[in-house]
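Here the structure is laid out as structure tokens; the discussion comes afterwards.
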Amino acid sequence: MLTSHHITSEQCIGCGLCVRICPSQALSLTEDGKAEVSGECAFACGHCAAVCPEEAIKVTSLDNDSLEFSTFQPDGRWLPPGETDIAGLVRLMRSRRSIRMYQDRPVAHDLLLDLVKIGTTAPSGTNSQRWTFTIIPDRQSMVKFGHLVAAFYRKLNRLAARSWLRKLLKLGGFGELDSYYREYYQNIQEGLDAWEKDGTDRLFHGAPAAILVGARPGASCPQEDALLASGNILLAAHSMGLGTCLIGFAVEAMKRDKSIGGKLGIPRDEKIYAVIAIGYPAVAFQRPAGRKESIVRTFSLPSRKTKT
Ligand SMILES: Cc1cc2nc3c(=O)[nH]c(=O)nc-3n(C[C@H](O)[C@H](O)[C@H](O)COP(=O)(O)O)c2cc1C
């Protein structure tokens, strides 16, 4: 990626900050004390440009439009560690809840596009940023998506209802269908019946929009990248007055039946890791919920006794 850096020598003061911060050791100082690209830039992370006090470096492969939003004015300045309101941040994190009741109100497309941009501020393995975002922008399209997922579960439930098949597969070492039958069959069947009877949507909870977060081939950590981007979207949506719910049932259906993605315009080689239902909440909480106790451990070497 040698060509993606543009260094204006006249502006470079030779402080060496870019050289020290580059994770690829791709920069060095020339004999006359100017920064130059001397190695392979593996990440195009832009740290060199961000740290330069003279704005002497541009990483041309990075898209500056990604810093622009259309529904709010961002504060473009870098926020130093310790200079944000931790109490406010934790309040936001604890107040985000999975929303399963939505108002009959559409979500503006610009808001969904801004949420996607916010998603892309997440870290990604080797900075590959090979995530993809598929917006389902309105209720009508959500219903179509719902039909596709329902068709998958209808087929699966028909198979799972055959006890001989479950037993046979289990005997052959494939116990998945049997586990599905015991854990999910009944619940899913009730959801499918309600969907067919009067359109009750237990899958997306009636949400008017969704963002599907996936990854193109070639990412070193595609699932982690997609889920980190999703985490940003969940928190940002709450800040924007929206509610969200991750829909694992839809992710599972899309993983097992690639034709669902195909019908939504998603290329076959992309994988979807998160389906985020989005809409204006029709519920308000009185307080945040607690969390179960976590396992937390600390590893440290025993301190050495000093010889006296
Ligand atoms: C990977 C994942 C998949 C989920 N899938 C569903 C789902 O299919 N339907 C649903 O209603 N909630 C789903 N949830 C939401 C969880 O049930 C929810 O996060 C959990 O109960 C904690 O509640 P909270 O999000 O309000 O804090 C999912 C959450 C995660 C992290």
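When a ligand or atom number is given, it counts from 1 through the structure's own listing order. Reckoned from all heavy atoms, side chains included, excluding hydrogens, waters and symmetry mates.
- For atom 18 (C) of ligand 1, the nearest protein heavy atom (residue, atom name, distance) is Ser98 OG, 3.4 Å.
- Of all protein heavy atoms, the one closest to atom 23 (O) of ligand 1 is Arg97 NH2, 3.6 Å.
- Ion pair Glu270/Lys258 not flagged as a salt bridge, since none of the NZ, NE, NH1 or NH2 atoms sits closer than 4.0 Å to an Asp/Glu carboxylate oxygen.
- With hydrogens left out, the protein atom closest to atom 17 (O) of ligand 1 is Arg100 NH2, 3.0 Å, a heavy atom.
- Using cut-offs of 30° and 60° on the angle between ring planes, the pair Phe249 and Tyr153 is perpendicular.
- With a 4.0 Å heavy-atom cut-off, ligand 1 is reached by the side chain of Cys245 but not by its N, CA, C or O.
- By the 3.5 Å distance cut-off applied to N or O atoms, Ile247 is not counted among the residues near ligand 1.
- Under the 4.0 Å criterion applied to side-chain N and carboxylate O atoms, Arg202 and Asp193 are not assigned as salt-bridge partners.
- The nearest non-hydrogen atom to atom 7 (C) of ligand 1, considering only Leu246, Leu234, Leu227, Ile99, comes from Leu246.
- Put simply, the side chain of Thr244 never gets that close to the backbone of Ile278: no donor and acceptor are under 3.5 Å apart.
- Distance check for atom 20 (C) of ligand 1: every protein heavy atom is found at 4.0 Å or beyond.
- There is a protein heavy atom less than 4.0 angstrom from atom 30 (C) of ligand 1.
- At a 4.0 Å heavy-atom cut-off, ligand 1 touches Arg291 through the side chain alone.
- Against a heavy-atom cut-off of under 4.0 Å, Gly248 is close to the following atoms of ligand 1: 3 (C), 4 (C), 5 (N), 6 (C), 7 (C), 8 (O).
- The ring of Phe145 has its center closer than 6.0 angstrom to the ring center of Phe204.
- Under the 4.0 Å criterion applied to side-chain N and carboxylate O atoms, Lys34 and Asp32 are not assigned as salt-bridge partners.
- The only option from Val37, Val19, Leu17, Leu27 that meets the side chain to side chain contact (heavy atoms under 4.5 Å, CB included) definition with Cys48 turns out to be Leu27.
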